[in-house]
Amino acid sequence: SVNEGLTSSQIPALVISPGFREDQTLFVGTSIGAARSRDSGETWQAIGKELENVEIRALAISPSFGVDGSLLAGASESRVYMSTDRGESWRSVPSPSPDHEVIWVGFSSSYGQELEGIVDSTFFVATSREATAEQTGLIAVFRTDNAGERWYQLHGHETRSRWVTV
């Protein structure tokens, strides 16, 4: 049966391995954590005890996943997580905007590749602050090149809307 082992029906995030043709690997973020399939979605296994009962809203997979095994997860409560072992374990990454919700995560297109003697470790996070009667909403995009120790805001847009696609 398809989806065997997938225990949540709420799946806001899905990423496909860049080497899917060979490895048949998929990852999903759910309302109760993350899961991996190594057989094109036939069966699923929960991954990362650090993500148990965490609402995952966004996932990203490194373009060099076959070599570096890196994944990013954006979660509720302004949380960002990173895995470098194909989702087996996850570590918390400092959020660029702790009071705003993480709505998107992504890797640089050259992440993990050496450029002029330096390995690219750049990734991005988009956040959202919901509009209220007292303040406008804010959508912002941030970049880090050192695993979240320092963030640079690249864009900020005030909005009266709650939802946006990045």
If we ignore angles and hydrogens, is there a donor and acceptor under 3.5 Å between the side chains of Thr122 and Asp145? no
Measuring from atom CZ of Arg57 to atom OG of Ser128, what distance do you get when rounded to the nearest 0.5 angstrom? 9.5 Å
Output the distance between atom CG (Asp120) and atom CD (Glu114), rounded to the nearest 0.5 Å. 11.0 Å
Ignoring hydrogens and angles, tell me if any N or O in the side chain of Ser64 forms a donor-acceptor pair with the backbone of Tyr111 under 3.5 Å. yes
Can you tell me how far the CG atom of Asp23 sits from the CZ atom of Arg38, to the nearest 0.5 Å? 9.0 Å
Between Ser95 and Ser78 (side chain of the first, backbone of the second, donor and acceptor by atom type, cut-off under 3.5 Å), is there such a pair? yes
How many angstroms lie between CZ in Arg79 and CD in Glu50, if you round to the nearest 0.5 Å? 12.5 Å
Heavy-atom side-chain proximity of Thr127 to Pro96 below 4.5 angstrom: yes
Distance only, no hydrogens: is a donor on one side chain within 3.5 Å (strictly under) of an acceptor on the other, for Ser62 and Asp68? yes
Indicate yes or no: at least one non-hydrogen side-chain atom of Gln24 is less than 4.5 angstrom from one of Ser40. yes
Decide whether Val93 and Val119 are clustered together by the hydrophobic rule: side chain heavy atoms of Ile, Leu, Val, Met, Phe, Trp, Tyr closer than 4.5 Å, transitively. no
Between Phe124 and Trp151, does the ring centre distance come in under 6.0 Å? no
Is Glu55 reaching over with its side chain to a backbone N or O of Thr30, donor-acceptor style, under 3.5 angstrom? no
Pair Ser97, Asp99: side-chain N/O donor-acceptor within cut-off below 3.5 Å: no
Might you point out which heavy atoms bring Pro18 and Pro63 nearest each other, and give the distance in Å? CG-O, 4.0 Å
Between the main-chain N or O of Trp44 and the side-chain N or O of Ser37, is there a donor-acceptor pair closer than 3.5 Å? no
Quick one: are Trp104 and Val125 in side-chain contact, heavy atoms under 4.5 Å? no
When clusters are formed by joining ILVMFWY residues with side-chain heavy atoms under 4.5 Å apart, either directly or through shared neighbours, do Phe123 and Tyr152 land in the same one? no
Would you indicate whether the side-chain heavy atoms of Met82 and Ser70 approach each other to under 4.5 Å? yes
Rounded to the nearest 0.5 Å, how far apart are CZ of Phe142 and CG of Leu154? 8.5 Å
Apart from Ile61 itself, its cluster of hydrophobic side chains linked below 4.5 Å comprises Val15, Phe27, Ile47, Leu51, Val54, Ile56, Leu59, Phe65, Leu71, Tyr81, Trp90
Does any N or O in the side chain of Arg36 come within less than 3.5 Å of the main-chain N or O of Arg86, such that one atom is a donor and the other an acceptor? yes
Check this for me: Arg143, atom CZ, are more than 12 non-hydrogen atoms of other residues, nucleotides or ligands nearer than 6.0 Å? yes
Do Phe107 and Val105 land in one hydrophobic cluster if side-chain heavy atoms of ILVMFWY residues count as linked below 4.5 Å? yes
Where do Ala60 and Gly106 come nearest, in terms of heavy atoms and distance? CB-CA, 3.7 Å
